[in-house]
Engineer: 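What follows is a single structure, and I will ask about it in a moment.
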Amino acid sequence: MAPVRVRFSPAPTGELHVGGARTALCNLLFARGHGAGSDGATFLLRIEDTDRARVREEWVDGIQDTLHWLSIGWDGQPIRQSEHVDRYVAVAEQFLADGLAYECFCTEDDVKERNATARAAGRPPGYDGHCRDLTTAERDERRAEGRASVLRFRTPDTGVSTFRDLIRGDVTVEWANIPDFVILRSDRSPIFFLANAVDDLDEGITHVIRGEDLIDTTHRVLVLRRAMGAAEQPIYAHLPLILAADRSKLSKRHGSVAVEEFRSRGILPEALLNYLALLGWSPDEAIGEILSLAELIEHFDLEHVTHASAVFDEKKLEWINGEWMRRLDTAELAARVEPEVRERFGAAFDPDVFAHAVAIGQERSSTLVQLVDQMACLFVADDDLVIEPEAWARLEAVERADDVLDAVIAHVEACEWTVDGINLVEVIKQLGLKPGKVMAAVYVAIEGRAQGLPVFDAIWLIGQEHALNRLRAARDRLG
RNA sequence: GCCCCCAUCGUCUAGUGGCCCAGGACGCCGCCCUUUCAAGGCGGUAACGGGGAUUCGAACUCCCCUGGGGGCACCA
């Protein structure tokens, strides 16, 4: 059997979407699961940039950067469809010469308008074959009028189209339901179906793994391949779609969809990949759900992918992310956030304090953003510590907050300067109060909020002078 | 409207005729731990959309209904 050749083919009309990332991942897993080296599988990246109106060069780069971030690596140089336009046009013209395609003079508006009438009359929309059987004379007449034309591919009138899908089995549609479709726009630029069919054939793609939203287009691509004389058809696998929480299509209205958004929200690439793989697929219970890319490659199996679309669950993503944060080596985790922390806190950044804070925060946060936010109080000047109104209210609500702060100040002035020496539990108990009930006041005074790093560590990390400044400031404000 | 795909806990899923009065994970709830909050540990709640058919037996097979998603562009 010939080596497996797959491709991920995004259209650079926006940032990489989680759906696209999942498609790319499944292609990668499939390829890497089918041998390595010279006789192993090949995974290509193909940029489908034939729509000149919507493509932007920044997205071409952006998508590749995002794939790199996810450690989804492809083989060789990315392929640009825009560089193969001549080839697509030549194929289209051959179709015209062979009578498989025809010139169509209907404008986009004509087609839209007739579609609307068809719908209103209860007839199916889609091209109605208006220019299908124009005579040579009629065509000449229209050209003489200066009317632009597109090239339309003539689909069979009868029979069915069937292809085999690795996930769904045989998928069959009657040709009568597939109208003639455009392959060359009026500006002679090729359309998706054509470019896709030509490239898959030219590149010897053996398996096409993509989203289910493309399932209906498969028949059109296949008929073009046959028209080109392709002896074999690739095997398809249509992945179930990812849905928003309300089961509608995942879109910006429902929160994050771009991979970069998850990145900026402090999600690790390992976690996103892991979560995406779990959408529609699940490993043996004995293995557990937290899997590295290498483990996914080992276990993932396209034939066990579910058929139904899946709702994207950000809670579970965050849980997986927390698991990954704890699995990462502390130094590695620190390295991932250090540039950001340095930039955010400038001169106040202290490498030793930072290292300690990461070690503590690693065990208690679910995202990188949480991790960094927790340590923010360590790198701000005492006067710049922001205490939100709710946090201050929390402090004020603490029983005998004034006594608590006085006792804490006295202790911090005199105690041995170690985390154990700072321990305030006995101090609070001596006041006849429960540490668990009143400690929040100390958190607010030191960290500016009622949640964050364990406060004895925080006090130790900012140092005696700063700790006292903050405690006294809070005490003064309390009056 | 027409075509295609699909249907197990709130969510992701296991389950391929008896092992299932349905297992796991996230969430949620409770308890424990505890320097607030988290994190962690333990426990609990919760599902086979409906109706027929086949069978000794159906979550698993078939049909219908209902429901959901996708497609029907000179986007991909």
Side-chain angles (χ1 to χ4, degrees), chain A residues 9-13 48-51 53-55 104 106-108 111-112 115 118-127 148-152 165 167-168 171-174 176-179 181-187 189 191-193 195-196 210-219 238 240-241 243 245 247-249 275 278-282 284-286 288-290 304 306-313 315-320 322 326 361-366 370 374 394 398 422-425 428 435-444 447 449-457:
Chain A
S9 49
T13 54
E48 304 218 331
D49 55 353
T50 55
D51 181 10
R54 294 173 62 217
V55 167
C104 169
C106 300
T107 66
E108 210 176 339
V111 175
K112 265 188 201 149
N115 268 342
R119 260 178 222 273
R123 281 176 286 119
Y127 188 66
S149 68
V150 299
L151 220 56
R152 237 173 235 287
D165 190 288
I167 297 174
R168 290 154 213 284
V171 180
T172 303
V173 176
E174 291 187 29
N177 290 314
I178 304 177
F181 56 95
V182 174
I183 52 177
L184 235 45
R185 299 184 183 96
S186 52
D187 66 358
S189 65
I191 232 153
F192 161 72
F193 306 107
N196 195 271
R210 33 130 76 149
E212 199 200 334
D213 51 336
L214 294 170
I215 199 165
D216 289 312
T217 72
T218 308
H219 302 92
H238 286 96
L241 261 22
L243 269 30
R247 303 206 70 84
S248 68
K249 195 172 175 181
Y275 177 68
L278 258 23
L279 243 29
W281 174 80
S282 64
D284 283 348
E285 284 173 15
E289 290 186 316
I290 307 300
H304 286 109
T306 323
H307 299 181
S309 37
V311 171
F312 194 90
D313 183 355
K315 283 276 185 18
K316 183 145 187 180
L317 204 212
E318 287 196 2
W319 173 75
I320 290 178
R326 263 150 246 132
Q362 177 174 31
E363 297 302 322
R364 39 186 298 118
S365 31
S366 298
Q370 271 179 30
Q374 280 187 1
R394 183 86 193 274
V398 165
I422 292 164
N423 194 317
L424 297 166
V425 171
I428 303 296
K437 294 274 186 198
V438 303
M439 205 64 81
V442 186
Y443 278 81
V444 173
E447 303 185 23
R449 45 191 219 165
Q451 72 275 108
L453 297 174
V455 78
F456 310 157
D457 292 273

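Order of the sequence lines sets the chain letters (A, B, ...), proteins ahead of strands, with each chain counted from 1.
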Engineer: Assess whether one donor atom and one acceptor atom, taken from the side chain of A:D213 and the base of B:rG71, lie less than 3.5 Å apart.
Structural biologist: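 A donor-acceptor contact between them is absent.
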Engineer: Rounded to the nearest 0.5 Å, what separates atom OG1 in A:T218 from atom NE2 in A:H238?
Structural biologist: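 The NE2 atom of A:H238 is 3.5 Å from OG1 of A:T218, to the nearest 0.5 Å.
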Engineer: Within this structure, what is the NZ-to-C1' distance between A:K437 and B:rU34, rounded to whole angstrom?
Structural biologist: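 A:K437 atom NZ is separated from B:rU34 atom C1' by 13 Å.
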Engineer: Which nucleotide in the list B:rU35, B:rG69, B:rA76 gets nearest to the side chain of A:L214?
Structural biologist: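 For the A:L214 side chain, the nearest candidate turns out to be B:rA76.
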Engineer: Does any donor-acceptor pair link the side chain of A:E212 with the base of B:rG70 at a separation under 3.5 Å?
Structural biologist: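 No, no donor-acceptor pair under 3.5 Å.
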Engineer: Determine the contact category for A:L184: base if any of its heavy atoms lies under 4.0 Å from a base atom, sugar-phosphate if only primed atoms, P, OP1 or OP2 are that close, otherwise nothing.
Structural biologist: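 Counting heavy atoms under 4.0 Å across all strands, no contact is made by A:L184.
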Engineer: Mind checking whether A:F181 and A:I191 have side chains closer than 4.5 Å, heavy atoms only?
Structural biologist: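 No - every pair of side-chain heavy atoms lies 4.5 Å or more apart.
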Engineer: Side-chain contact test, heavy atoms from C-beta onward, threshold under 4.5 Å: evaluate it for A:V182 versus A:F193 and give yes or no.
Structural biologist: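 SC-SC contact between A:V182 and A:F193 ruled out.
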Engineer: Tell me: CG of A:L241 to C1' of B:rG70, nearest whole Å?
Structural biologist: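 These atoms are roughly 6 Å apart.
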Engineer: Mind checking A:V444 for me? I need base, sugar-phosphate or nothing, with any heavy atom below 4.0 Å counting as a touch.
Structural biologist: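 Touches nothing.
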Engineer: Whole angstroms only, please: what is the CG-P distance between A:L243 and B:rG10?
Structural biologist: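 In whole Å, B:rG10 P and A:L243 CG are 17 Å from each other.
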Engineer: Compare the minimum distances between each of B:rC2, B:rA76, B:rC74 and the side chain of A:D51, then state the nucleotide with the smallest one.
Structural biologist: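 Looking only at heavy atoms from C-beta outward on A:D51, the closest nucleotide is B:rA76.
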Engineer: From C-beta outward on A:W319, which listed nucleotide comes closest to its side chain: B:rU35, B:rC26, B:rC4?
Structural biologist: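 The closest nucleotide is B:rC26.
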Engineer: Using a 4.0 Å heavy-atom cut-off across all strands, classify A:E108 as base, sugar-phosphate, or nothing.
Structural biologist: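 Counting heavy atoms under 4.0 Å across all strands, the contact made by A:E108 includes a base.
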Engineer: The side chain of A:V425 is closest to which nucleotide in this list: B:rU35, B:rG71, B:rG10?
Structural biologist: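 Per side-chain heavy atoms of A:V425, the pick is B:rU35.
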Engineer: Report yes or no: is there a donor-acceptor pair, N or O only, under 3.5 Å between the side chain of A:R364 and the base of B:rA39?
Structural biologist: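 A donor-acceptor contact between them is absent.
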Engineer: Please state whether the base of B:rC75 and the side chain of A:T13 form at least one donor-acceptor pair under 3.5 Å?
Structural biologist: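 Answer no: no donor N or O sits under 3.5 Å from an acceptor.
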Engineer: Please indicate yes or no: is the ring centre of A:F456 less than 5.5 Å from the centre of the six-membered base ring of B:rU35, with the two planes inclined by under 30 degrees?
Structural biologist: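 Yes; centroid distance and tilt both under limits.
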Engineer: Kindly determine whether A:H307 and A:D165 satisfy side chain to side chain contact (heavy atoms under 4.5 Å, CB included), including the steps that lead there.
Structural biologist: CA-CA 11 Å; A:H307 299 181; A:D165 190 288; over 6 Å; no
Engineer: If you check every side-chain atom of A:D313, which of B:rA76, B:rU11, B:rC4 has the closest atom?
Structural biologist: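 Given the options B:rA76, B:rU11, B:rC4, the side chain of A:D313 is closest to B:rU11.
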